[in-house]
Amino acid sequence: MLILGAGFAGLELATVLSDEVPDEVDVTIVDSSDAFVFGFSKLDLMFGRKDLAGVRVPYAQLDKPAVRFVQETILSIDPEGRRVTTTAATYEPDILVVALGADLDPAATPGMVEEGSEFYTVAGAARVRELLPAFEGGDVIIGVRGNFFKCPAAPFETAFMLHDFLVERGLRATSTIKIVSPMGMPIPISPEASAGILEAAGERDIEWCPQSKVTALDPATRIATLEDGRTMPYALFLGVPVHRAPRVVTDSALAEEGWIPVDHRTFATKFENVYAVGDVTSAPVPRVGAIAEGEARTLAEVLVHKIKGGEPPAPYQGTATCYIEFGGDRVARFDANFLSGPTPTGSFTAASEEIVASKVEFGASRRRRWFGID
């Protein structure tokens with residue numbers, strides 16, 4: 001078996017198979033990076049809670065029976081022939097799983113590359129970490145460039161943490177914070193969670209500009225242009241770039257309308273013994289690490305059933321728990337259920353210091369499970 005991508009989905013799938021059927025599988029994971037980073041760790045990096053070494057978990061520490069990791073760049077995918085070519089080898093696995101996530105495209109927004117302050121990549125978060133100490137106050141725009149992006153709550157988490165950062169430095173009174181997003185609500189499936197987030201934003205004088213989109217930046221004049229023609233000045237722009245499926249996916253026969261369609265009950269594609277999980281698919285769920293992990297567990301059950309037989313596994317339920325940073329050492333929790341009922345539902349637990357420990361354990365448990373790190 002060949003797994004393309006070592007994010008939440010790839011790591012969870014390899015772990016379950018290693019635990020359940022180590023003698024029946026031979027798994028190779030391919031990823032171009034040498035380390036895993038939790039998405040929420042980019043906030044820790046950006047605001048100085050941790051340094052770069054503190055958020056990286058090297059794949060060299062991955063030690064699972066029947067699992068081999070290789071750091072290679074994927075050059076082409078032929079799903080019909082189940083053939084994958086990388087910079088180092090050609091693979092023709094019995095089972096192919098694509099878990100390559102979503103790529104970010106800052107260049108899709110004129111001026112964003114030159115501005116150099118997107119914060120959704122590890123490198124981008126590290127750059128913002130260097131920019132923030134020199135920021136002397138002014139207008140801040142947190143701009144979301146597309147309807148599909150990882151972790152819908154992240155722009156608000158960034159705003160709350162930036163608010164604290166500016167308060168600590170005596171700069172909040174001379175600064176404004178605006179969140180410009182095409183979303184109609186912070187958490188579309190949950191009026192309760194959205195209300196809780198917007199109430200917290202209002203308490204901090206953070207302006208929410210829904211159903212708006214920054215289409216261009218002028219780094220020389222520090223002016224952002226919106227889709228409707230309006231302009232906004234900024235002293236600091238923090239960008240969530242356009243998300244796209246990786247080029248190697250869109251160049252293959254896997255992609256339709258930019259993403260990989262799957263049967264979201266089993267994550268099978270239209271090609272025999274080719275599956276896809278996580279952000280790279282068009283499954284009707286958000287692009288969130290905890291969602292990708294749940295998808296991978298379902299796919300693992302499907303594959304174990306193919307090997308062992310017995311009762312077929314239950315379809316993917318679309319459940320996940322997400323943690324939302326509210327600043328001030330407080331974290332909220334959102335429990336979502338996207339596919340079990342007639343409509344998606346979610347429950348919101350208000351931010352508290354107690355939930356911080358739950359979030360910490362979430363990350364620690366994955367490090368133990370995937371890497372054996374205490």
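Side chains are part of it too, since the values below use all heavy atoms of this structure and drop only hydrogens, waters and symmetry mates.
Judged by distance alone, with hydrogens and angles left aside, the side-chain atoms of Arg82 form a donor-acceptor pair with the main-chain N or O of Glu272 at under 3.5 Å. When atom types are taken as modelled, the side chain of Ser190 and the backbone of Ala193 share a donor-acceptor pair closer than 3.5 angstrom. With hydrogens and angles ignored, the 3.5 Å screen pairs a side-chain donor or acceptor of Ser18 with a backbone N or O of Pro65. Listed for the Thr87 side chain is a donor-acceptor partner under 3.5 Å among the backbone atoms of Thr73. When atom types are taken as modelled, the side chain of Thr86 and the backbone of Ala89 share a donor-acceptor pair closer than 3.5 angstrom. Not a single donor-acceptor pair under 3.5 Å links the side chain of Arg366 to the backbone N or O of Phe371. In terms of modelled atom types and a separation under 3.5 Å, the side chain of Arg172 and the main chain of Arg204 share a donor-acceptor contact. Checked by atom type and distance alone, the side chain of Arg129 pairs as donor or acceptor with a backbone atom of Leu45 at under 3.5 Å. Thr85 contributes no side-chain N or O that, together with a main-chain N or O of Leu75, makes up a donor-acceptor pair within less than 3.5 Å. Ser175 places a side-chain N or O within 3.5 Å of a backbone atom of Leu171 that can act as its donor or acceptor partner.
How far CG of Asp218 is from CD of Glu114: 9.5 Å, rounded to the nearest 0.5 Å. One distance of note links CG of Leu226 with SG of Cys209; it measures 7.5 Å at 0.5 Å rounding. A distance of 6.5 Å separates CG of Leu17 from CD1 of Ile307, quoted to the nearest 0.5 Å. The CZ atom of Phe160 lies 12.0 Å from the CZ atom of Phe47; values are rounded to the nearest 0.5 Å. We find the CD1-CG distance between Ile141 and Leu238 to be 10.0 Å, quoted to the nearest 0.5 Å. With rounding to the nearest 0.5 Å, the separation of CG in Leu131 from CE in Met46 is 11.0 Å.
Within 6.0 Å of the CZ atom in Phe38, the count of heavy atoms belonging to other residues, nucleotides or ligands exceeds 12. By the neighbour-count criterion of 12 heavy atoms within 6.0 Å, atom CZ of Arg222 is densely surrounded, having more than that number from other residues, nucleotides or ligands. Heavy-atom contacts from other residues, nucleotides or ligands closer than 6.0 Å to CZ of Arg368 number more than 12. Within 6.0 Å of CD on Glu353 lie no more than 12 heavy atoms contributed by other residues, nucleotides or ligands. Counted within 6.0 Å of CD on Glu24, heavy atoms from surrounding residues, nucleotides or ligands total more than 12; the atom is thus considered enclosed. No more than 12 heavy atoms of other residues, nucleotides or ligands sit less than 6.0 Å from atom CG of Asp63. For CD of Glu80, the number of neighbouring non-hydrogen atoms (other residues, nucleotides, ligands) closer than 6.0 Å is 12 at most.
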Go through Arg49 and Glu325 one step at a time and tell me if the salt bridge (Lys or Arg N to Asp or Glu O under 4.0 Å) criterion holds. CA-CA 13 Å; Arg49 290 178 172 180; Glu325 290 278 351; 3.1 Å; yes

Please test Val21 against Leu303 for side-chain contact (heavy atoms from CB on, under 4.5 Å), starting from the C-alpha separation and ending with a verdict. CA-CA 10 Å; Val21 286; Leu303 297 176; over 6 Å; no

Evaluate side-chain contact (heavy atoms from CB on, under 4.5 Å) for Phe348 paired with Ile187, printing each intermediate quantity in order. CA-CA 10 Å; Phe348 178 70; Ile187 308 291; over 6 Å; no

Step by step, work out the side-chain contact (heavy atoms from CB on, under 4.5 Å) result for Tyr316 and Ile291. CA-CA 10 Å; Tyr316 174 60; Ile291 289 282; 3.5 Å; yes

Kindly determine whether Tyr275 and Phe267 satisfy ring-ring contact (aromatic ring centres under 6.0 Å, His included), including the steps that lead there. CA-CA 6 Å; Tyr275 301 85; Phe267 298 96; 9.0 Å; no

Given side-chain contact (heavy atoms from CB on, under 4.5 Å), test Glu12 with Trp370 step by step and report yes or no. CA-CA 7 Å; Glu12 180 66 10; Trp370 296 336; 2.9 Å; yes

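Of all heavy-atom pairs spanning Tyr120 and Ala154, the tightest one is OH-CB, 3.0 Å. Across Val356 and Asp329, no two heavy atoms sit closer than the pair CG2-O, 3.4 Å. Minimum interatomic distance between Asp279 and Ala102 (heavy atoms only, all atoms of both residues): CB-N, 3.7 Å. For Ala320 against Ala290, the heavy-atom pair with the smallest separation is CB-CB, 4.0 Å. Nearest heavy-atom pair, Ser33 versus Phe69, reported as atom, atom and distance to 0.1 Å: O-CZ, 3.5 Å. Residues Arg145 and Ala108 share a closest heavy-atom pair of NH2-O, 3.6 Å.
Side-chain contact between Leu236 and Leu132: present, with at least one pair of heavy atoms (C-beta onward) separated by less than 4.5 Å. Side-chain contact between Val140 and Phe135: present, with at least one pair of heavy atoms (C-beta onward) separated by less than 4.5 Å. Leu104 places none of its side-chain heavy atoms less than 4.5 Å from the side chain of Phe149. Within the 4.5 Å cutoff, no side-chain heavy atoms of Tyr59 are placed close to those of Ile29. Contact annotation: the side chain of Val280 never approaches that of Leu254 to less than 4.5 Å [non-hydrogen atoms, C-beta and beyond]. Side-chain contact between His305 and Val302 is absent, with no heavy atoms from C-beta onward closer than 4.5 Å. Side-chain contact between Ser76 and Asp251 is absent, with no heavy-atom pair separated by less than 4.5 Å. Using a 4.5 Å heavy-atom threshold, the side chains of Val288 and Pro152 count as touching.
Between the side chains of Tyr323 and Ser358, at least one donor N or O sits under 3.5 Å from an acceptor N or O. Defined by atom type and a distance below 3.5 Å, a donor-acceptor pair is missing between the side-chain atoms of Thr319 and Asn337. A side-chain donor from one of Gln317 and Ser340 sits under 3.5 Å from a side-chain acceptor of the other. Looking at Thr15 and Arg369, their side chains never bring a donor and an acceptor atom within 3.5 Å of each other.
Transitive grouping of hydrophobic side chains (ILVMFWY, heavy atoms separated by less than 4.5 Å) keeps Met185 and Ile142 in distinct clusters. Hydrophobic clustering keeps Val16 apart from Val98 (ILVMFWY residues linked when any side-chain heavy atoms are closer than 4.5 Å, directly or through intermediates). Follow the hydrophobic side-chain contacts under 4.5 Å out from Leu299 and you reach Val84 in the same cluster. The cluster map of Ile, Leu, Val, Met, Phe, Trp and Tyr, joined by side-chain heavy atoms under 4.5 Å apart, puts Phe237 and Val144 in different clusters. Hydrophobic clustering of Ile, Leu, Val, Met, Phe, Trp and Tyr side chains at less than 4.5 Å, counting indirect connections, keeps Ile206 apart from Val214.
Taking the centre of each ring, Phe36 and Phe8 come in below the 6.0 Å mark.
Between Arg127 and Glu118, at least one side-chain N (NZ, or NE/NH1/NH2) sits under 4.0 Å from a carboxylate O, which counts as a salt bridge. Using a 4.0 Å cut-off between a side-chain N of Lys or Arg and a carboxylate O of Asp or Glu, Glu293 and Arg297 qualify as a salt bridge.
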